[in-house]
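My structure is below; once you've seen it, I'll send some questions.
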Amino acid sequence: MLKPDYIIEGSWEVCNKIGGIYTVLATRANTMQQWLKDKVIFVGPDLKEHSDKTFRQDDALLASWQKQAKQDGLHIRVGRWMVPGEPIAVLVDFRKYYDRKNEIFLHIWEDYGVDSLHAYGDYDESCMFGYGVAKTVESFYHFLEAGEQQEADSKTASLIFQAHEWMLGVALLYVNHYLPGVATIFTTHATTVGRSIAGNGKQLYGYLSGYYGDQMARELNVESKHSIEKHAALNADAFTTVSAITARECMQLLGRQPDQLLLNGFEDDFVPAKSVEYDSKRFTARRRLLDIAARLTGSEIDTNALIVSIGGRYEFRNKGIDVFIDALNQLRHDDQLHRQVLAFINVPAWVAAPREDLQQALNATSSAQNAALACPYLTHWLHNMETDQVLNKFNQLGIHNLSDDRVKFIFIPCYLDGNDGIVNLSYYDTIVGNDLCIFPSYYEPWGYTPLEAVAFSVPCVTTDLAGFGIWAREEMQKAPIIENGVEVIDRTDNNYKNVTDAIADAVKRFAALSPQETERSRKEARALSKKALWQHFFTWYEQAYDLALRKAEVRIDNNTQAPLPPFNYGL
């Protein structure tokens, strides 16, 4: 297979931890470094309040190009992304492009017919960032070309640009149009229209064959995002997505069958290697979670309580948060549940501040049990207490965490970055304290949260509407039930009650396992995660690189694309 000399990979989540794509890139970086040492350049937005936590600037890296980039008018910082492998990262300050926004949108309309007229929200910000990434790729490509011209015998360096999600659509289309020597890959992790259909309560799967992407985009008011996503998918040398279930969605809504599936792997770098360190982290996390529950509810919490959680984006229906609450609520007064359960909902919401009364209770030197606090299920105050979906669900079901409730719910509505003011542990340092994780997704192209759980030896429940769930069911040598580490529940558009019943049953069965059976389930979960290491999944990336490079070669040989303009062409 053809191997590139350089790869530039652009994403809004480079050095910016806001979702699953961050995990894709950050965990794959080490494998990329081993495969193409310091020839992979990750490009992200220069958001100093976020990026400086994981970015270390180094002006000596690519020093000659940095000098050229400054002459080209780019505002960038170059350094190392402080994740395993420490790859090169370039952060782009894209604010200066706002002054030329209409000009940029006019060009992508004229070149590709991309509709930006109906844009709103984060569209402008994402597209200006995408344009900044495109100019970064352009500058680096011309820098490579200039060096090759000084060495007549040298071959032309091959460069791949991989763009993630619609936010990088402008970048891919610009590179595709003006830099025909660069091979392009567009990766969608979820389609805009598919996510919107699911998030608006419509049935996605039963009616998928009847949906027309452009029509649904108009109906759901996502025309501009869909337009740029669709044109990026149609024009990339290689179009990829993360699972078979999303590939079907892409074909129907974007009009192109993905060329390659790039399943999302994981790395062991994030998991404590030594049992002593793992046990210490698990003890610390459990003690903190038990203490939070006790102080909030004013109840005695058994040290052997079953700690269960759901996490991820705050997509109430798509992520199955509604199902999680309904399923666990069934067990609140279930006489067959002989173990106390703490159900944590770890999804970032519109946080106002950590609760001072809870902080004071957690910091109290007295071990005496305090009375229940107001809102004894919430760790941080929210700006939108009256409209928050989780809190409204609690009120609807009469969830108040009373002393005789066998299941108590705790809503942690913030990013677990270790500095939230209450938990003060990172997500990974928190999840290790869980006994069971539940991710009953309705819309989940892949599903990093269940993969992360099993990597930390935490058994989990997921569904067959998640890419991970489909993969797990195929890979497991035993029945996909919680006793074997992962339970995969059948989910459709119409079987909500069956799913809640299945989850409640899985929790009861898991709570009744003996210590030996529980340990076996944990080992099975960990063993499954080993099959999803990047060393197994990276081969699909190599195939995508090969395909993109071969298409670029044909394009150059046939001269079928617009001629390469001078560097300062157009915008």
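Keep in mind that the numbers below use all heavy atoms, side chains included, and drop hydrogens, waters and symmetry copies.
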Residue pair Val92 / Val43, side-chain heavy-atom distance below 4.5 Å =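 Side-chain contact under 4.5 Å: yes.
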Sub-4.5 Å side-chain heavy-atom contact between Trp446 and Trp471 | yes
Note: Asp429-Lys281 ion pair, threshold 4.0 Å (strictly below) =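 Between Lys281 and Asp429 there is a salt bridge, with a charged N closer than 4.0 Å to a carboxylate O.
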Any ion pair linking Arg550 and Asp546 (charged N to carboxylate O, less than 4.0 Å)?
->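 Yes, charged N to carboxylate O under 4.0 Å.
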Residue pairs fulfilling ring-ring contact (aromatic ring centres under 6.0 Å, His included) with at least one residue in residues 230-252, sequence neighbours excluded =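 Listed once each, the pairs would be none.
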With sequence neighbours left out, the residues meeting side chain to side chain contact (heavy atoms under 4.5 Å, CB included) with Ala190 are Arg195, Tyr443, Pro445
Would you find a donor on one side and an acceptor on the other, under 3.5 Å apart, between the side chain of Lys225 and the backbone of Tyr123?
-> no
Using side chain to side chain contact (heavy atoms under 4.5 Å, CB included) as the criterion, list what pairs up with Lys53, not counting sequence neighbours.
->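 Asp417.
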With sequence neighbours left out, write down each residue that passes ring pair (Phe, Tyr, Trp, His ring centres under 6.0 Å) with Phe316, or none if nothing qualifies.
->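 If we apply the ring pair (Phe, Tyr, Trp, His ring centres under 6.0 Å) test to Phe316, skipping adjacent residues, there are no hits.
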So, Gln535 and Thr31: side-chain donor and acceptor under 3.5 Å apart, yes or no?
-> no
Salt bridge between Asp46 and Arg77, side-chain N to carboxylate O under 4.0 Å?
-> yes
Quick note, ring-ring contact (aromatic ring centres under 6.0 Å, His included) partners involving residues 6-36, not counting sequence neighbours, are Tyr6-Phe140, Trp12-Phe94, Trp12-Phe129, Tyr22-Trp81, Trp35-Phe538, Trp35-Tyr545
Heavy atoms, side chains only, cut-off 4.5 Å: are Tyr448 and Asn264 in contact?
->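 Contact flag for Tyr448/Asn264 side chains = yes.
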Could you give me the CA-CA distance, side-chain angles and deciding distance for Glu138 and Tyr174, then say whether side chain to side chain donor-acceptor pair (under 3.5 Å) is met?
-> CA-CA 9 Å; Glu138 185 177 47; Tyr174 183 96; 3.0 Å; yes
Kindly determine whether Tyr442 and Tyr205 satisfy ring-ring contact (aromatic ring centres under 6.0 Å, His included), including the steps that lead there.
-> CA-CA 10 Å; Tyr442 175 76; Tyr205 304 100; 5.2 Å; yes
So, Ser126 and Trp166: side-chain donor and acceptor under 3.5 Å apart, yes or no?
-> no
Does any N or O in the side chain of Asp237 come within less than 3.5 Å of the main-chain N or O of Lys551, such that one atom is a donor and the other an acceptor?
->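 No; judged by distance alone, with no hydrogens or angles, the pair does not exist.
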Indicate whether any N or O donor in one side chain lies under 3.5 Å from an N or O acceptor in the other, for Asn346 and Tyr415.
-> no
Thr191 and Glu249: CA distance, side-chain angles, deciding distance, side chain to side chain donor-acceptor pair (under 3.5 Å) verdict = CA-CA 7 Å; Thr191 68; Glu249 189 182 320; 2.4 Å; yes
Go through Tyr541 and Trp534 one step at a time and tell me if the ring-ring contact (aromatic ring centres under 6.0 Å, His included) criterion holds.
-> CA-CA 10 Å; Tyr541 278 80; Trp534 278 116; 5.7 Å; yes
Is it the case that Thr136 and Ser139 place a side-chain donor and acceptor less than 3.5 Å from each other?
->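 Side-chain D/A pair, Thr136 to Ser139: absent.
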To the nearest 0.5 Å, atom CG of Leu261 lies from atom CZ of Phe537 at 11.0 Å
Quick one: pull up CD1 in Ile438 and CG in Leu328 and give me the separation to the nearest 0.5 Å.
-> 5.0 Å
Which residues share a salt bridge (Lys or Arg N to Asp or Glu O under 4.0 Å) with Arg509, sequence neighbours left out =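 Scan of Arg509 (salt bridge (Lys or Arg N to Asp or Glu O under 4.0 Å), adjacent residues dropped) gives Glu483, Glu487, Asp505.
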Non-neighbouring partners of Phe510 that pass ring pair (Phe, Tyr, Trp, His ring centres under 6.0 Å), sequence neighbours left out | none
Check whether any side-chain N or O of Gln66 sits under 3.5 Å from a backbone N or O of Leu61 as a donor-acceptor pair, and report yes or no.
-> yes
Evaluate the side-chain proximity of Ile422 to Ile412: yes if any heavy-atom separation is below 4.5 Å, no if none is.
->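 No; the side chains remain at least 4.5 Å from each other.
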Any donor-acceptor pair under 3.5 Å linking the side chain of Thr284 with the backbone of Ser280?
-> yes
Scan side-chain atoms only and decide if Thr187 and Glu165 contain a donor-acceptor pair under the 3.5 Å cut-off.
->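 No, no side-chain donor-acceptor contact under 3.5 Å.
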What do the steps show when you test Thr462 against Ile489 for side-chain contact (heavy atoms from CB on, under 4.5 Å), and what is the final call?
-> CA-CA 6 Å; Thr462 185; Ile489 295 173; over 6 Å; no
Is there side-chain contact between Pro258 and Thr241, with at least one heavy-atom pair below 4.5 Å?
-> yes
Is there a side chain to side chain donor-acceptor pair (under 3.5 Å) between Ser521 and Thr518 once you walk through the steps?
-> CA-CA 5 Å; Ser521 177; Thr518 300; over 6 Å; no
Sequence neighbours excluded, the answer for side chain to side chain donor-acceptor pair (under 3.5 Å) partners of Arg473 is Asp490
Leu159 and Asp5, any side-chain heavy atoms less than 4.5 Å apart |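 Contact flag for Asp5/Leu159 side chains = no.
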Within the distance-only criterion (no hydrogens, no angle test), does the side chain of Arg520 pair as donor or acceptor with the backbone N or O of Pro515 below 3.5 angstrom?
->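 No: the side chain of Arg520 does not pair with the backbone of Pro515.
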Excluding sequence neighbours, so at least two apart, what forms side chain to side chain contact (heavy atoms under 4.5 Å, CB included) with Gln33?
-> Lys37, Asp38, Arg80, Pro87
Leu289 vs Leu342 side-chain heavy atoms within contact, under 4.5 Å =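 In short, these two side chains do not touch, never coming nearer than 4.5 Å.
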Check ion pair Lys48-Asp93 (N to O, under 4.0 angstrom) |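 Judged by the 4.0 Å cut-off on N to carboxylate O distance, Lys48 and Asp93 do not form a salt bridge.
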CG/Leu168 to SG/Cys127 distance, rounded to the nearest 0.5 angstrom?
->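 Leu168 CG to Cys127 SG: 10.0 Å, rounded to 0.5 Å.
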Out of curiosity, Leu234 CG to Leu254 CG, how far, rounded to the nearest 0.5 Å?
->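 If we round to the nearest 0.5 Å, Leu234:CG and Leu254:CG are 7.5 Å apart.
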Answer yes or no: is there a side-chain heavy-atom contact under 4.5 Å between Lys3 and Leu36?
->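 Yes, their side chains come closer than 4.5 Å.
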Could you please spell out the steps behind the side-chain contact (heavy atoms from CB on, under 4.5 Å) verdict for Phe324 and Ile345?
-> CA-CA 9 Å; Phe324 177 86; Ile345 301 171; 3.8 Å; yes
What side-chain donor-acceptor pairs closer than 3.5 Å can you find for residues 270-279, not counting sequence neighbours?
{"from": "Tyr278", "atom 1": "OH", "to": "Phe456", "atom 2": "O", "distance (Å)": "2.6"}
{"from": "Tyr278", "atom 1": "OH", "to": "Arg522", "atom 2": "NH2", "distance (Å)": "2.6"}

Which residues pass the salt bridge (Lys or Arg N to Asp or Glu O under 4.0 Å) test with Glu86, sequence neighbours left out?
-> Arg56
Do NZ/NE/NH1/NH2 and the carboxylate oxygens of Arg256 and Asp259 come within less than 4.0 Å?
->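 Salt bridge: yes.
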Evaluate the side chain to side chain donor-acceptor pair (under 3.5 Å) criterion for residues Tyr314 and Asp388: first the C-alpha distance (whole Å), next the side-chain angles of each, then the deciding distance (0.1 Å), finally the verdict.
-> CA-CA 10 Å; Tyr314 199 159; Asp388 180 81; 2.9 Å; yes
Can you see which heavy atom on Asp420 is nearest to which on Cys414, and at what distance?
->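 Looking at all heavy atoms of both residues, the shortest contact is CB-SG, 3.5 Å.
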Not counting sequence neighbours, which residues clear side chain to side chain contact (heavy atoms under 4.5 Å, CB included) with Lys530? List them please.
-> Asp268, Arg526, Leu533
About how many Å separate CD1 of Ile76 and CG of Leu74, when rounded to the nearest 0.5 Å?
->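 Atom-to-atom, Leu74:CG and Ile76:CD1 are 5.5 Å apart.
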